[in-house]
Amino acid sequence: MVLLQRGGDSGDLDTSGEGALPFEVAEYDDLSSVHVTTPVDYDQSPPVGGPHNPIWLNCGTYPNPIPNENVVHSMEHGAVWITYVPTLEDAQVVALEAITPSTFAVLSPYADQGSPIVVSAWGRQMEADSARDPRISEFISEFRLGGVAPEPGASCDGASDGTIPLDGG
Amino acid sequence: MSWGPATSGGDALEETVPNWRRATILLAVAVAALAAMLLVTVTTHDPDEADSAFPVEGSADAGFARDMQVHHAQAVEMALLVRDRTTDPIIRAIAYDIATAQQQQIGQMFAWLELWRLPQTSTDEPMAWMAPSMEAMEQSDGEHSATLNDMTLAPDGRMPGMASAEDLARLSDLEGVSAEELFLALMIRHHEAGVVMAEAAATLTTQAPVRKFALTLAAAQRAEIKQMLALQQDRTSSTQSNG
């Protein structure tokens with residue numbers, strides 16, 4: 001909750017914009033926003049932020065893996081990224097599609113992750129075992145176009161559909 | 001509920017209560033009704049009036065929300081100009097990014113002024129709201145003196161960092177790498193002044209959402225300045241290696 005203050009030291013204004021989620025999420029701060037046209041070796045898997053390609057990934061549902069370097073740029077613009085292991089059963093994938101917002105969200109398979117489902121936003125991440133875990137929607141509500149994304153509301157369309165080479169082609 | 005001495009029952013009021021006491025009871029009822037009306041007035045917010053916690057005319061918040069809309073609008077214009085004049089995918093991407101991000105931010109600042117019941121246009125001189133911040137900077141160790149000199153209005157009245165009409169005409173006439181180079185030079189200067197404005201607003205605002213917005217905007221534009229300096233460097237190097 002953001003408190004309004006009159007007068008006083010504006011340094012006390014709460015600018016986090018984050019409410020209190022009733023569960024823990026992993027937090028990574030001070031992530032770089034630098035643009036690179038080369039592959040990036042990220043510290044997290046899936047990545048939650050850091051150097052990224054100048055061309056972001058168009059938000060939406062992807063049946064195949066997508067380049068980290070593009071989708072990290074989408075998260076910089078406020079998108080949430082839902083990933084699932086390729087072995088996840090079809091009914092679970094359908095359930096994930098149903099809760100993925102139509103804008104500022106990406107859904108894609110991701111092999112190298114520590115749980116069946118991972119939900120990421122810039123600097124924030126959580127794991128889930130089932131698409132029916134209610135924390136997924138709470139995480140999306142908290143961090144989609146919110147949280148600590150550096151450019152919330154910048155476009156998540158009109159760029160790459162995942163097939164543009166990292167050097168722009 | 002009982003106002004007076006104990007009576008044998010509510011129906012007995014007429015008979016047992018003296019006239020002066022009945023007048024007192026009527027007065028008490030009238031006062032209670034008036035108090036209830038006042039309470040309704042206080043708690044029912046008039047939709048035509050701004051919340052008293054909102055910024056007022058002459059505030060830094062109002063000045064920032066107006067001036068940054070004008071500043072951003074030119075960035076959108078320049079980004080769309082260069083996007084039509086180059087096929088370079090990286091420049092086209094950063095131009096799309098700047099155009100859509102800044103137009104979205106213009107919408108946020110527009111909506112704040114509407115919410116605060118303040119006009120989008122003011123007769124105040126552009127940047128006047130930054131005066132307290134500039135004074136504070138002057139009193140510091142002079143580290144910002146170069147920036148301060150850059151933060152004055154141009155003779156034609158345009159805000160710091162903004163391109164002149166001649167600059168925009170030149171950008172319109174160029175194509176390819178020449179257009180990219182001019183765009184980068186103009187947009188880096190534009191962003192540098194934008195960062196100073198945003199940081200001043202973050203210091204002067206009384207509104208938490210404005211402070212978050214201004215700090216986020218300043219950080220994003222700093223990052224974009226670095227990206228554009230790198231793109232500028234690429235073009236200088238390739239010109240040198242070709243020549």
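Lettering of chains follows the sequences in order, A, B, ..., and the numbering in each one begins at 1.
There is a side-chain donor-acceptor pair under 3.5 Å between A:Q125 and A:S120.
The aromatic rings of A:H35 and A:H73 are tilted relative to each other, their planes meeting at an angle between 30° and 60°. Ring geometry for A:W122 versus A:H52: interplanar angle over 60°, hence perpendicular rather than tilted (30 to 60°).
For the set A:A149, A:S160, A:P150, the entry with the most heavy-atom pairs within less than 4.5 Å of chain B is A:P150. Of the listed residues B:L231, B:D97, B:L217, the one with more heavy-atom pairs under 4.5 angstrom with chain A than any other is B:D97. Listed options A:G153, A:S33, A:G168 were ranked by heavy-atom pairs under 4.5 angstrom with chain B; first place goes to A:G153.
No cation-pi contact links A:R144 to A:F104, judged by a cut-off of 6.0 Å to the six-membered ring centre and 45° from its axis.
No part of B:A219 comes within reach of chain A, as not one of its non-hydrogen atoms sits under 4.5 angstrom from that chain. Of the atoms belonging to A:T37, it is side-chain heavy atoms, and not backbone ones, that fall under 4.5 Å from chain B. Residue contact with chain A, scored on non-hydrogen atoms closer than 4.5 Å, is absent for B:Q102.
Residues A:E142 and A:F139 fail the side-chain proximity criterion, which asks for heavy atoms closer than 4.5 Å.
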